[in-house]
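The first residue in the sequence is number 1, and the count goes up from there. Computed from heavy atoms alone, side chains included, the values below leave out hydrogens, waters and symmetry copies.
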Amino acid sequence: NTADILFNNGTGTIVFNHTGTDYDFDVDMRGGGTIRAEGGTTNLNGDNSGLTGDTFVGSTAGATIVVEGGADYANAETQIGVASGEVGSVQVTGTGSTWTNTDSINVGYRGTGYFTASSGGTVTADNAYLGLHAADGVGYATFTGAGTTATIANAFAVGQDGVGTLLISDGAEVTNAQAFVGRQTG
């Protein structure tokens, strides 16, 4: 057991690959490591606002990351539904729960991806792409509930080159600099 994980100057990866439907990981993480969710549902309940590496979520059996209860999660780039035939999901729920990307959120990178923010969750990213690559990339994003916000600094593409679906409901707010629907052929 440890309270903190610090990715120092080298490279490191943490892989969550299990069959549990409610696995709690209550550790604070920071630094430039890679996080991979390849199976089961993992609840990241710590203060992970100091992470600066990338996050990959998806497997053929499905994988989910949940940030809830006021937890914070930060990273550079997120890929959800990484490869063809894979399914991945990220859920950010509850007041004070945050998901921050300094780069892009790619929902349905080459597989099928789901991103949900609800009940006051907050999402921030440089860009957001739903259905990134043609033929295989299918991305779904749902923002729902009063107090739920998503702030995309630049482009928000629904169907970048694949298939994308966006739902904003029940008082949630999404702001972005540029919005694209069916951005490229695919």
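Counting heavy atoms from C-beta on, the side chains of Leu130 and Leu166 come closer than 4.5 Å. Residues Phe143 and Thr149 fail the side-chain proximity criterion, which asks for heavy atoms closer than 4.5 Å. Side-chain contact between Val90 and Trp99: present, with at least one pair of heavy atoms (C-beta onward) separated by less than 4.5 Å. Within the 4.5 Å cutoff, side-chain heavy atoms of Asn106 are placed close to those of Glu77. For the pair Phe25/Asn48, no side-chain contact is recorded, criterion being any heavy-atom separation below 4.5 Å from C-beta on. Residues Thr34 and Val15 form no side-chain contact, since every pair of their non-hydrogen atoms from C-beta on lies 4.5 Å or further apart.
Residues Ala153 and Ala177 approach most closely at O-CB, 3.2 Å, considering heavy atoms. Minimum interatomic distance between Ala63 and Ala37 (heavy atoms only, all atoms of both residues): CB-O, 3.3 Å. Closest approach of Ala76 and Asp54 over heavy atoms only: CB-OD1, 3.2 Å. Minimum heavy-atom separation, Ile152 to Ala128: CG2-N, 3.8 Å. Considering all non-hydrogen atoms of both residues, Ala71 and Gly46 come closest at CB-O, 3.7 Å.
With sequence neighbours left out, Ser49 forms a side chain to side chain contact (heavy atoms under 4.5 Å, CB included) with Asp47, Asp72. Take Asp103 and apply the salt bridge (charged side-chain N to carboxylate O under 4.0 Å, His left out) test, not counting sequence neighbours, and it matches no residue. Qualifying ring-ring contact (aromatic ring centres under 6.0 Å, His included) partners for Tyr129, counting only residues two or more places apart in sequence or in other chains: none. Contacts of Glu38 classified as salt bridge (charged side-chain N to carboxylate O under 4.0 Å, His left out), with partners at least two apart in sequence or in another chain: Arg36.
Between Tyr140 and Tyr114, the ring planes are parallel. Angles under 30° get that label, and only those over 60° would be called perpendicular. Ring geometry for Tyr109 against His133 counts as perpendicular: the plane angle is over 60°, on a 0 to 90° scale with 30° as the lower cut. Using cut-offs of 30° and 60° for the angle between ring planes, the His18 and Tyr23 rings count as tilted.
Checked by atom type and distance alone, the side chain of Thr148 pairs as donor or acceptor with a backbone atom of Gly120 at under 3.5 Å. Remark: side-chain polar atoms of Thr52 are paired, donor with acceptor, to backbone N or O of Gly31 under 3.5 angstrom. Formation of a donor-acceptor pair under 3.5 Å by the Ser97 side chain with backbone atoms of Gly69 is found in this model. No donor-acceptor distance shorter than 3.5 angstrom exists from the side chain of Asn43 to the backbone of Asn45, with no hydrogens or angles considered.
Each salt bridge (Lys or Arg N to Asp or Glu O under 4.0 Å) pair with one or both residues in residues 6-34, not counting sequence neighbours, appears once here: Asp4-Arg30. Among pairs with a residue in residues 84-94, those fulfilling side-chain hydrogen bond (donor to acceptor under 3.5 Å, both in side chains) read Ser84-Asp136, Thr93-Ser118, at least two apart in sequence or across chains.
Counted by atom type alone, Ser104 and Asn101 present zero donor-acceptor pairs between their side chains at under 3.5 Å. In the model, Ser169 has a side-chain atom that pairs as donor or acceptor with a side-chain atom of Thr144 under 3.5 Å.
Both Val67 and Ile14 are assigned to one and the same hydrophobic cluster, defined by single-linkage of ILVMFWY side chains at heavy-atom distances under 4.5 Å. Residues Tyr73 and Phe7 are members of one and the same hydrophobic cluster, defined by side-chain heavy-atom contacts under 4.5 angstrom among Ile, Leu, Val, Met, Phe, Trp and Tyr. Residue Val158 is not grouped with residue Phe180 when hydrophobic side chains (ILVMFWY) are merged at heavy-atom distances under 4.5 angstrom, including chains of intermediate members. Both Leu44 and Val27 belong to a single network of hydrophobic side chains, linked directly or stepwise wherever heavy atoms of I, L, V, M, F, W or Y lie under 4.5 Å apart. In the hydrophobic clustering of ILVMFWY residues, with side-chain heavy atoms under 4.5 Å counting as a link, Phe56 and Val66 come out apart.
Here CG of Asn127 is found 10.0 Å from CD1 of Ile105. Values are rounded to the nearest 0.5 Å. Atom CE of Met29 and atom CG of Leu6 lie 12.0 Å apart (nearest 0.5 Å). Once rounded to the nearest 0.5 Å, the distance linking CG of Asn176 with CG of Asn154 reads 9.5 Å. For the atom pair CG of Asn17 and OG1 of Thr19, the computed distance is 9.0 Å after rounding to the nearest 0.5 Å.
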> Going through the distances and angles, do Ile35 and Leu51 end up as a side-chain contact (heavy atoms from CB on, under 4.5 Å)?
Replying inline: CA-CA 9 Å; Ile35 306 300; Leu51 280 173; 4.2 Å; yes
> Would Val57 and Gln79 count as a side-chain contact (heavy atoms from CB on, under 4.5 Å) if you check the C-alpha gap in whole Å, the side-chain angles of each, and the deciding distance to 0.1 Å?
Replying inline: CA-CA 6 Å; Val57 184; Gln79 294 182 13; over 6 Å; no
> Are Val92 and Thr98 close enough, and set up right, to give a side-chain contact (heavy atoms from CB on, under 4.5 Å), and what steps lead you there?
Replying inline: CA-CA 7 Å; Val92 181; Thr98 64; 5.9 Å; no
>> Checking Ile65 against Thr55 for the side-chain contact (heavy atoms from CB on, under 4.5 Å) test, could you report, in this order, the C-alpha distance in whole Å, the side-chain angles of both residues, the deciding distance, and whether it holds?
In response: CA-CA 10 Å; Ile65 288 178; Thr55 302; 4.0 Å; yes
